[in-house]
There are 2 protein chains.
Amino acid sequence: MGRERATLADVARRAGLSKTAASMVLNGREGTRLSAEAHQRVFAAAEELGYRPNVAARSLRTRKTATIAFVSDIVATTRFAGGLIRGALDAARERDHVLLITETQGDATFERYAIEAILDRQVDGVIYAAMATRRLAVPPAILGGPVVLLNATSPEPLPCVLPDDEGAGAMIAETLLAQGHRDRIALIGRNRQKELDPEISLAADARLRGIRSTLAAAGVALLTEGFCPEWLPEHGYAAMRTLLDRPTRPTAVICMNDRLAFGAYQALGEAGLSIPGDLSVISFDDDPIAAWLRPGLSTAALPHEQMGRRAVEVLLDGGDGGASLVPMPLRRRRSVAAPDA
Amino acid sequence: MGRERATLADVARRAGLSKTAASMVLNGREGTRLSAEAHQRVFAAAEELGYRPNVAARSLRTRKTATIAFVSDIVATTRFAGGLIRGALDAARERDHVLLITETQGDATFERYAIEAILDRQVDGVIYAAMATRRLAVPPAILGGPVVLLNATSPEPLPCVLPDDEGAGAMIAETLLAQGHRDRIALIGRNRQKELDPEISLAADARLRGIRSTLAAAGVALLTEGFCPEWLPEHGYAAMRTLLDRPTRPTAVICMNDRLAFGAYQALGEAGLSIPGDLSVISFDDDPIAAWLRPGLSTAALPHEQMGRRAVEVLLDGGDGGASLVPMPLRRRRSVAAPDA
DNA sequence: ATGCTCTGCTAAATCAGTTTAGCGACGTGG
DNA sequence: CCACGTCGCTAAACTGATTTAGCAGAGCAT
């Protein structure tokens, strides 16, 4: 790429000045005593030649590359990754940076490759992202420079960006309470593994905490809590069927994510029950499917783009070193209503 | 990043040789007359020091960066992008390259920024990707180096990688014919804009061609063709309801994509019709939702990862300069059966 | 003994920037 | 009249690799 590009030397020559002068002017160095006229000439020359500095040459000297490494365990399949990347991309562009993306797939060999590629290229910082909110071990090799954890925490005291799952849980509980639901609120998606092992998930426990504490504050307890081995539609379907077999039918169901909710919709459809007439449903994530369901599913949205954006901001502008909790906004659709009187 | 890394000079010193010798040995240069012993010493020294070449320094001289730019119109929201990126990432890693990702969002300013970032960094090649299979205009500035179009074509004669939508259409038609469906096959998702304007979509027309020619070869014509302003669930829902109002009910429905099929499922569920007992449904894309539906939706999968992978291969290993059609495999699930006898 | 080739290796230039150290001209105070 | 400081600018070093040009010594033929 890059046909005969103009170099700094070309600019300097055209401006009738030295490379030093040109460099200083173009970098807006303070405290230099170059005349206003010299400034003009350099800018003009650079403009006329369409000059753009060679990043390799510059970073050889300065050790800065205006490049951020985005390392994640799994990039694809999930649109979650896409959102994180897009947010990061936007924020990076605003700060004149670019993203170098690598994926470890949780594989040690791939991780090593990613780390080496990053170190070889002297990136200015690393965003280490996980696809499921969880705790992970950061490879020590990258701790030499700035690191931000995205959708993850680690044993090391590194700045991290997380969705506010607990807040979302509270908000969801409040939403149901506000509609008048009380003692017949059920939950689908209990899962000890997810709740207890932070290396698997931080979201399950946080969401549950938010829900429970808010209900408890209103003097309400969950009617039942359906277990699910995974948070997939088929498990939501099964859990909902079990729920409908019980003597007391709930007035509202909280699903731990939208895929479970989708399964719940399927079971309710088969049972001939209507949402939200017979039962309200509310959930977490704002998977695209939430908007496609009939009726649309009310859900607390994972703020992917915000998170990706925040990660870059913390990395480049410096964070307070702690955790950034990004709020999960509630998407209000038609799946929640007041219970039958 | 990168605490005191060893440089080539360090390696040379430790090996008791010149930088020249060290460089040649490590690059495996042919035709050099360095002794076997010199080779040993250099390798040993490099190993002991954990030497890794500085990419900036190297590329300053060689103009090679082992970096590929992945430019796309829209990265996020769609998991399609994720698949393309992941495939490209894998293939790049196998060839010791790394991906620099930028997004234009279809915005001229952003595109300019992306191009400049790419040129400044002297990437070895560019993958220009579109999220919807379509024809696009490649900015002339990147034509100085190797370019591969991914999921897109362009007026310029550039190598491109596309899904085989026409083949998929044919395969879908054959699948229905093989099950015994004949004169009562309907289609949902006609859309003149998509079919006629290659800048919007190449897929619509290709899929339709494949379907029609295969049916025609069997002496069959489509029963009806439902129009849809967009390929979203709500439009599939509406189209399916219209279809059900007609006197002859089809035995099978081909949806132009899975989101339409999802809408169709919703309409069928409401109408109390069962899939595939009353009606078979088949579709394109293999959106994750296809596997989540009850029954699972048979669909021709967009081969995202293969395509991303292929793009890198063509870029780096050299393609034949033409279009690479990547086959769309049929995911057989339970939504297709023989029509009622 | 001289010239030649071949072997094994190295000094120095180069890539395109940034940064350090300092030079000549001018004005000014003693 | 001279020392000194300020102004406006530049030469040269430096970053870490690759690459070109070429040197010293050995072996061989004449």
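Reckoned from all heavy atoms, side chains included, excluding hydrogens, waters and symmetry mates. First the proteins, then the strands, lettered A, B, ... as listed; each starts at 1.
- Residues forming a side chain to side chain contact (heavy atoms under 4.5 Å, CB included) with A/H97 (at least two apart in sequence, or on another chain): A/A66, A/I68, A/A92, A/R95, A/D124, A/L316.
- Residues B/G308 and B/L150 share a closest heavy-atom pair of CA-CD2, 4.1 Å.
- Residues of residues 9-23 of chain B having a heavy atom closer than 4.0 Å to DNA chain D, listed by number: B/K19, B/T20, B/S23.
- Along DNA chain D, the stretch of nucleotides lying under 4.0 Å from any heavy atom of chain B spans, 5' to 3', D/dG16 to D/dT20.
- A salt bridge links B/R309 with B/E313: at least one charged nitrogen is closer than 4.0 Å to a carboxylate oxygen.
- Identified under the salt bridge (Lys or Arg N to Asp or Glu O under 4.0 Å) test for residues 17-38 of chain A, with sequence neighbours left out: A/E37-A/R41.
- Contacts between residues 30-49 of chain A and DNA chain C, defined by a heavy-atom separation under 4.0 Å, are absent.
- Interface limits on DNA chain C: the 5'-most and 3'-most nucleotides within less than 4.0 Å of chain A heavy atoms are C/dA16 to C/dT20.
- For the pair B/R93 and A/F110, the cation sits on the ring face: its NZ or CZ lies under 6.0 Å from the ring centre, inside 45° of the axis.
- Scored by the side-chain hydrogen bond (donor to acceptor under 3.5 Å, both in side chains) test, B/S201 finds no partners at all (sequence neighbours excluded).
- Judged as a salt bridge (Lys or Arg N to Asp or Glu O under 4.0 Å), the pairs with a partner in residues 110-119 of chain B (not counting sequence neighbours) are, in order, A/R52-B/E116.
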Please tabulate, for side-chain N and O atoms in residues 129-141 of chain A, each donor-acceptor pair with protein atoms closer than 3.5 Å (sequence neighbours left out).
{"residue": "A/T133", "atom": "OG1", "partner": "A/N151", "partner atom": "OD1", "Å": "2.7"}
{"residue": "A/R134", "atom": "NH1", "partner": "A/E199", "partner atom": "O", "Å": "3.2"}
{"residue": "A/R134", "atom": "NH2", "partner": "A/D73", "partner atom": "OD2", "Å": "3.4"}

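- Atom CG in A/D164 sits 8.0 Å away from atom CE in A/M328 (nearest 0.5 Å).
- Counting only residues at least two apart or on different chains, no salt bridge (Lys or Arg N to Asp or Glu O under 4.0 Å) pair has a member in residues 138-152 of chain A.
- Take A/L49 and apply the side chain to side chain contact (heavy atoms under 4.5 Å, CB included) test, not counting sequence neighbours, and it matches A/A6, A/D10, A/V11, A/R14.
- For B/A88, the side chain to side chain contact (heavy atoms under 4.5 Å, CB included) criterion is met by B/F70, B/L99, B/V312, not counting sequence neighbours.
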